[in-house]
Amino acid sequence: MPQFELPTSPWMDEELEMLADSCRQFYARECAPHYEQWEADGAVSRDMWLKAGEMGLLGAEVPEEYDGLGGSFAHDAVIAYQGNLAGIDGWGGGLHNSIVIPYVIHYGSEEQKRAILPRMVSGELIGAIAMTEPGAGSDLQGIRTTAVMDGNRYLINGSKTFITNGAMANMVIVAAKTDPQAGARGISLFLIETDGLDGFRRGQNLDKLGMKSNDTSELFFEDVRVPASALLGQEEGCGFAQMMEQLPQERLLIGVYAVARIERAIRETLAYVTERQAFGKTIAEFQNTQFVLAECATEATVAKTFLDACITEHLEGRLTTERASMAKYWLTDLQARIIDRCLQLFGGYGVMAEYPIERMYRDNRIERIYAGTNEIMKIVIARGLLRD
Ligand SMILES: Cc1cc2nc3c(=O)[nH]c(=O)nc-3n(C[C@H](O)[C@H](O)[C@H](O)COP(=O)(O)OP(=O)(O)OC[C@H]3O[C@@H](n4cnc5c(N)ncnc54)[C@H](O)[C@@H]3O)c2cc1C
């Protein structure tokens with residue numbers, strides 16, 4: 001059977017190759033056989049999180065003193081890439097590893113790091129980040145959840161929606177207004193452990209298009225009391241700036257997902273078109289099929305090259321917010337176009353659930369929306385262009 005493989009990333013080394021290999025084995029052994037069940041359940045199993053922890057697939061960026069690997073985003077990129085290449089798109093490990101944990105590493109107090117990081121590395125704590133509210137998605141400054149000092153505690157009230165890992169997470173970063181009059185400077189982030197927390201409630205696991213095995217929930221906070229030490233950072237009002245600093249890595253992660261899924265879509269399509277026959281030949285023998293695949297493979301190669309350049313910049317601490325936004329917007333747009341073109345080559349079977357391209361088509365749709373919509377990405381890029 002013909003093979004398709006995108007070029008190896010220049011930032012890979014022997015250790016990362018070994019990690020990629022363990023990931024491939026882990027996803028094939030521990031995830032693929034259960035994936036249909038997780039899709040039906042609306043979440044991956046807690047047991048899978050614990051096994052991922054045992055395998056070293058959680059908290060690779062966490063320093064060794066807090067039980068992590070002491071690695072970098074390169075480790076997380078390998079773990080996320082291999083998961084998406086294997087079709088394990090619904091596992092929220094990428095968000096846990098590359099989005100939630102870095103907030104604790106960068107802004108957490110020593111006490112928070114010691115209390116939280118080892119348990120995020122083992123999978124005992126599952127991370128989520130709760131920014132979005134029913135009335136505030138793209139416009140995060142409009143959030144209405146409040147955190148008010150009450151003695152030596154904060155009293156948190158408000159509701160969040162569309163929270164990834166929301167049904168299972170027990171370690172949630174919550175964005176709240178500590179000073180509702182101060183705009184962006186009035187937003188603070190809180191590290192909140194939710195097990196047994198009075199006043200905290202989850203809504204339904206939301207039914208959505210695609211990514212069925214990724215739990216997405218509403219979260220409600222009614223007079224939730226947390227200690228003053230739950231504040232992330234030295235002082236109130238730093239939350240918006242912290243989110244802006246961390247968003248480039250979040251956007252890059254979505255770019256990693258996109259390229260891995262493109263590679264998978266082309267692989268699945270090659271396998272199909274070389275088997276399926278029409279008019280006495282395989283679908284692969286039609287010139288149209290060959291041209292479509294040639295175009296997709298070329299665009300995929302360009303995409304991986306750009307992604308690798310952005311990852312290298314990020315590892316060297318020079319990825320700008322504009323470049324990260326370009327990666328998120330362009331790679332997810334390309335992912336949608338390529339998966340759509342690949343599905344067309346499956347004919348009617350492309351929309352049948354028994355073929356992987358059907359799920360890829362559904363799973364891919366959200367990528368242009370979350371982590372900042374692609375329209376917001378263009379606003380960020382344009383702002384950079386027009387800056388004096
Ligand atoms: C499955 C899923 C998982 C998610 N996970 C999380 C999570 O873990 N944590 C979290 O906090 N959030 C999460 N989100 C929320 C996600 O980040 C938001 O849905 C997204 O930011 C868009 O916000 P919105 O849905 O309120 O859309 P809106 O902000 O209402 O936007 C609607 C439309 O208007 C456009 N628009 C808005 N403002 C402008 C503008 N200024 N100029 C031009 N166009 C504009 C948008 O691009 C979009 O097309 C998730 C969402 C989904 C669906």
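Indexing begins at 1, ligand by ligand and atom by atom, following the structure's order. Values reported hereafter were calculated over all heavy atoms of this structure, with side chains retained and with hydrogens, waters and symmetry mates removed.
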J.: Take atom 45 (C) of ligand 1 and look for protein heavy atoms under 4.0 Å from it; say yes if you find one, no if not.
T.: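 There is no protein heavy atom less than 4.0 Å from atom 45 (C) of ligand 1.
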J.: List the residues meeting side chain to side chain donor-acceptor pair (under 3.5 Å) with Lys378, not counting sequence neighbours, and say none if there are none.
T.: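 With neighbours one apart ignored, the set is empty.
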J.: Which atoms form the tightest heavy-atom contact between Val351 and Leu343, and what is the distance?
T.: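 Distance-wise, the nearest heavy atoms are CG1-CD2, 4.1 Å.
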J.: Out of Ser138, Gly372, Ala175, Gly210, whose heavy atom is nearest to atom 28 (P) of ligand 1?
T.: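 The option holding the nearest heavy atom is Ser138.
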J.: Using 0.5 Å steps for rounding, measure from the CG atom of Leu253 to the CG atom of Leu95.
T.: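 Separation between the atoms: 8.0 Å.
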J.: For atom 26 (O) of ligand 1, what's the nearest protein heavy atom and its distance?
T.: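 Of the protein heavy atoms, Gly137 CA, 3.2 Å lies nearest.
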J.: Find out whether Glu299 and Ile262 are in side-chain contact, i.e. whether some heavy atom of one side chain is under 4.5 Å from a heavy atom of the other.
T.: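 Not in contact.
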J.: Closer than 4.0 Å and a protein heavy atom, does any atom meet both conditions relative to atom 30 (O) of ligand 1?
T.: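 No, there is none.
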J.: Below 4.0 angstrom, N of the basic side chain to O of the carboxylate: do Glu322 and Arg251 qualify?
T.: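 Not counted as a salt bridge, because no side-chain N and carboxylate O are separated by less than 4.0 Å.
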J.: Nearest to atom 51 (C) of ligand 1, what protein heavy atom do you find, and at what distance?
T.: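 Answer, as residue, atom name and distance: Phe162 CB, 3.5 Å.
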J.: So do Lys160 and Thr132 actually touch side chain to side chain, heavy atoms under 4.5 Å?
T.: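 No, their side chains stay 4.5 Å or more apart.
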J.: Could you check if a side-chain atom of Pro134 sits within less than 4.5 angstrom of a side-chain atom of Ser159, using non-hydrogen atoms only?
T.: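 Pro134 reaches Ser159 side chain to side chain.
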J.: Is any side-chain heavy atom of Glu358 less than 4.5 Å from a side-chain heavy atom of Tyr349?
T.: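 No - every pair of side-chain heavy atoms lies 4.5 Å or more apart.
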J.: In terms of residue, atom name and distance, what is the protein heavy atom nearest to atom 20 (C) of ligand 1?
T.: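 Answer for atom 20 (C) of ligand 1: Ile369 O, 3.7 Å.
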J.: For ligand 1 and Ile366, I'd like to know whether there is a polar contact (N/O to N/O, distance under 3.5 Å).
T.: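 N/O-N/O distance below 3.5 Å does not exist for this pair.
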J.: Any N or O of Glu375 that comes nearer than 3.5 Å to an N or O of ligand 1?
T.: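 Such a contact does occur with ligand 1.
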J.: Polar contacts were defined as any N/O atom of the residue lying under 3.5 Å from an N/O atom of the ligand; does this apply to Thr216 and ligand 1?
T.: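 Checking ligand 1 against Thr216, no N or O pair falls under 3.5 Å apart.
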J.: Could you tell me whether atom 35 (C) of ligand 1 has at least one protein heavy atom nearer than 4.0 Å?
T.: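 Given the 4.0 Å cut-off, atom 35 (C) of ligand 1 does not count as touching protein heavy atoms.
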J.: Connecting only ILVMFWY residues whose side-chain heavy atoms lie within less than 4.5 Å of each other, what is the rest of Phe221's hydrophobic cluster?
T.: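 Its cluster partners, ordered by chain and number, are Met149, Tyr154, Ile156, Ile163, Val172, Val174, Phe190, Ile192, Leu197, Phe200, Leu219, Val224, Val226, Leu231.
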J.: Just going by heavy-atom distances, which of Asp139, Thr373, Thr164 is nearest to atom 8 (O) of ligand 1?
T.: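 When every heavy atom of Asp139, Thr373, Thr164 is considered, Thr164 comes closest to atom 8 (O) of ligand 1.
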J.: Quick check: Tyr370 and ligand 1, any N/O pair under 3.5 Å apart?
T.: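 In fact, backbone or side chain, Tyr370 has no N or O that close.
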J.: Looking at atom 41 (N) of ligand 1, would you say a protein heavy atom lies below 4.0 Å from it?
T.: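 Protein heavy atom within 4.0 Å of atom 41 (N) of ligand 1: present.
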J.: Quick one: look up the protein heavy atom nearest atom 9 (N) of ligand 1 and list residue, atom name and how far away it is.
T.: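 Checked against all protein heavy atoms, atom 9 (N) of ligand 1 sits closest to Ile129 O, 2.8 Å.
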J.: Can you tell which of Gly92, Ala371, Ala169 gets a heavy atom nearest to atom 17 (O) of ligand 1?
T.: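 Checking each option, the heavy atom nearest atom 17 (O) of ligand 1 is found in Ala371.
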J.: Please state which option from Ile376, Thr132, Ile379 has its nearest heavy atom closest to atom 38 (N) of ligand 1.
T.: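 Nearest option to atom 38 (N) of ligand 1, by heavy atoms: Ile376.
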J.: Do any N/O atoms on Met131 end up under 3.5 angstrom from N/O atoms on ligand 1?
T.: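 Yes.
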J.: How about Tyr355 and Tyr272: are their ring centres within less than 6.0 Å of each other?
T.: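 Yes, ring centres under 6.0 Å apart.
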J.: Taking all heavy atoms of Ile105 and all of Glu61, pick out the closest pair and write down the distance.
T.: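 Here Ile105 and Glu61 meet closest at CD1-O, 3.4 Å.
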